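A short worksheet on the structure shown next.
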Amino acid sequence: MIEDFFNHLCNIYHIKEDKQDIGYGISSTPIFSYSVVPDAENVKCHFSTKSPEHITEADPEQRLTASVKLVLPIDTDVRINDKILDVNTGIEYTAEMPKTIQKHHKYVMCIRKTIQDRMCWYGRNG
């Protein structure tokens with residue numbers, strides 16, 4: 001059964017758009033953010049690695065990029081640009097366009113992009 005396939009848990013945060021008036025006669029600017037409380041908590045799912053993590057080294061930081069395929073139950077409300085938190089590892093991903101598979105389940109490719117300051121590896125003095 002498909003329920004046995006869902007061996008992970010995730011939290012889903014929908015992206016919210018707010019307006020900010022910056023003044024000086026400039027129209028309001030959209031600001032995008034995620035709420036602190038998840039919109040869907042402890043959703044049964046399955047994370048599978050689609051591409052290995054790769055690191056791009058550049059001064060003064062390193063970029064870590066990974067792509068995973070996330071499989072969800074059909075009734076899960078997941079949207080493009082949602083923040084997906086893997087409950088087991090604490091790793092955050094950004095959802096791409098969700099796809100429904102034969103009215104059976106959904107899958108969405110999720111991207112992880114992080115920037116790590118090199119100073120934390122080599123110390124602040126060197």
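Count residues from 1 along the sequence. Treat the numbers as computed from the prediction; the structure is a model and nothing was measured.
Across all their heavy atoms, Pro98 and Val78 have their closest contact at CG-O, 3.4 Å.
In this structure, Leu9 belongs to a hydrophobic cluster whose other members, linked by side-chain heavy atoms under 4.5 Å apart, are Val87. Chaining together hydrophobic side chains whose heavy atoms lie under 4.5 Å apart places Phe32 alongside Tyr13, Ile15, Tyr34, Leu85.
By the 4.5 Å heavy-atom criterion applied to side chains, Arg112 and Val68 are not counted as neighbours. With contacts defined as side-chain heavy-atom distances shorter than 4.5 Å, the pair Leu70/Tyr93 does not qualify. Val43 is not listed as a side-chain neighbour of Pro38, based on a closest heavy-atom distance of 4.5 Å or more.
Atom CZ of Phe47 is separated from atom CD1 of Ile91 by 9.0 Å, given to the nearest 0.5 angstrom. The CE atom of Met97 sits 9.0 Å away from the CG atom of Asn81 when rounded to the nearest 0.5 Å. If you take CG on Leu72 and SG on Cys10, they are separated by 5.5 Å, rounding to the nearest 0.5 Å.
With sequence neighbours left out, Gln102 forms a side chain to side chain contact (heavy atoms under 4.5 Å, CB included) with no residue at all. His46 pairs by the side-chain hydrogen bond (donor to acceptor under 3.5 Å, both in side chains) definition with Asn7, not counting sequence neighbours. Asn88 is linked by a side-chain hydrogen bond (donor to acceptor under 3.5 Å, both in side chains) to nothing, counting only residues two or more places apart in sequence or in another chain. The side chain to side chain contact (heavy atoms under 4.5 Å, CB included) search around Ile101 returns His105, Tyr107, not counting sequence neighbours. Taking Lys19 as the reference, Glu17, Ser28 meet the side chain to side chain contact (heavy atoms under 4.5 Å, CB included) condition, with sequence neighbours excluded. Looking at residues two or more places apart in sequence or on another chain, you find no side-chain hydrogen bond (donor to acceptor under 3.5 Å, both in side chains) involving Asn11.
Residue pairs meeting the salt bridge (Lys or Arg N to Asp or Glu O under 4.0 Å) criterion with at least one partner in residues 23-49, sequence neighbours excluded, are Lys16-Asp39. Each salt bridge (Lys or Arg N to Asp or Glu O under 4.0 Å) pair with one or both residues in residues 76-91, not counting sequence neighbours, appears once here: Asp77-Arg79, Lys83-Glu92.
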